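Note that these values count all heavy atoms, side chains included, but never hydrogens, waters or copies made by symmetry. On a predicted model such as this, the values are computed, not experimentally measured, just so you know.
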Amino acid sequence: MSVVYRVALVLVIIGAINWGLIGFFRIDLVAYLFGGQTAVLSRWIYAIVGLAGLISIPILIMRFDEDEDLDPHTRIDRNPSYGMEIGDEEDFTAFKTMDVLKEEKKDSHSKNKHHNRK
């Protein structure tokens, strides 16, 4: 997330806290600190928080799997490495699967029966 979006998000949070204070306690902290709702400084702060809200709209649709947000120490990555940490991974293609072993056992068992009949 870029610095602009982070600053905008902080201002939106400050605005939300101010609205929460107005809603719950009827205290407008910005107006209290800067000389009332109609004071020039209060209006500037309201305007800046409003612009921050507009700037924050793309955060709703922003992807959060950007490269800068990925922790390099986690296994969550778009290009995972399937290599072993200790060394090369063994090649298990030479080993027979259980199905092949069962089939060979079945074949050898039937050959033994056929051989014993002679």
Side-chain angles (χ1 to χ4, degrees):
M1 191 181 305
S2 73
V3 175
V4 173
Y5 286 125
R6 288 182 193 267
V7 170
L9 194 57
V10 167
L11 290 172
V12 168
I13 291 169
I14 290 170
I17 291 170
N18 191 51
W19 275 107
L21 289 172
I22 292 170
F24 289 117
F25 305 110
R26 295 183 186 171
I27 298 172
D28 187 349
L29 190 60
V30 173
Y32 177 77
L33 292 176
F34 299 107
Q37 288 183 341
T38 58
V40 175
L41 194 54
S42 293
R43 290 181 54 214
W44 276 97
I45 292 173
Y46 294 138
I48 291 171
V49 170
L51 288 174
L54 292 175
I55 291 171
S56 298
I57 289 173
I59 293 174
L60 291 172
I61 57 173
M62 185 181 291
R63 290 181 55 168
F64 288 105
D65 60 347
E66 296 175 359
D67 290 337
E68 65 187 27
D69 290 337
L70 289 178
D71 184 9
H73 302 292
T74 63
R75 294 193 173 267
I76 300 170
D77 193 2
R78 281 187 249 165
N79 300 317
S81 172
Y82 294 109
M84 303 264 306
E85 293 176 5
I86 297 173
D88 292 334
E89 187 172 334
E90 296 295 326
D91 183 18
F92 292 106
T93 56
F95 293 105
K96 297 178 181 178
T97 63
M98 289 301 292
D99 294 333
V100 172
L101 290 173
K102 286 179 184 178
E103 190 66 34
E104 287 179 355
K105 186 176 180 180
K106 187 178 181 183
D107 288 343
S108 67
H109 185 65
S110 65
K111 285 180 185 177
N112 285 341
K113 278 187 176 180
H114 185 350
H115 183 63
N116 288 340
R117 287 185 187 172
K118 291 183 179 180

> What residues form a side-chain contact (heavy atoms from CB on, under 4.5 Å) with I55, not counting sequence neighbours?
V4, Y5, A8
> Check whether W19 and I13 end up in the same hydrophobic cluster, where Ile, Leu, Val, Met, Phe, Trp and Tyr are linked by side-chain heavy atoms less than 4.5 Å apart.
no
> Side-chain heavy atoms under 4.5 angstrom apart, residues restricted to Ile, Leu, Val, Met, Phe, Trp, Tyr: same cluster for W44 and F34?
no
> Would I45 and V10 show up in the same hydrophobic cluster when neighbours are defined by side-chain heavy atoms closer than 4.5 Å?
no
> List in chain and number order the residues that pass side-chain contact (heavy atoms from CB on, under 4.5 Å) with L54, two or more places apart in sequence or in another chain; answer none if no residue qualifies.
L51, I57
> Tell me if a side-chain donor or acceptor on S42 pairs with a main-chain N or O of T38 at a distance below 3.5 Å.
no
> For I48, give me all partners under side-chain contact (heavy atoms from CB on, under 4.5 Å), at least two apart in sequence or on another chain.
L11
> Who are the side-chain hydrogen bond (donor to acceptor under 3.5 Å, both in side chains) partners of D28, not counting sequence neighbours?
N18, Q37, Y46
> Could you see if V7 belongs to whatever hydrophobic cluster contains I17? Use Ile, Leu, Val, Met, Phe, Trp, Tyr and a side-chain cutoff under 4.5 Å.
no
> Are V49 and V40 connected, step by step, through hydrophobic side chains (Ile, Leu, Val, Met, Phe, Trp, Tyr) whose heavy atoms are closer than 4.5 Å?
no
> Please enumerate all residues that pass side-chain contact (heavy atoms from CB on, under 4.5 Å) together with F25, with sequence neighbours excluded.
L21, I27
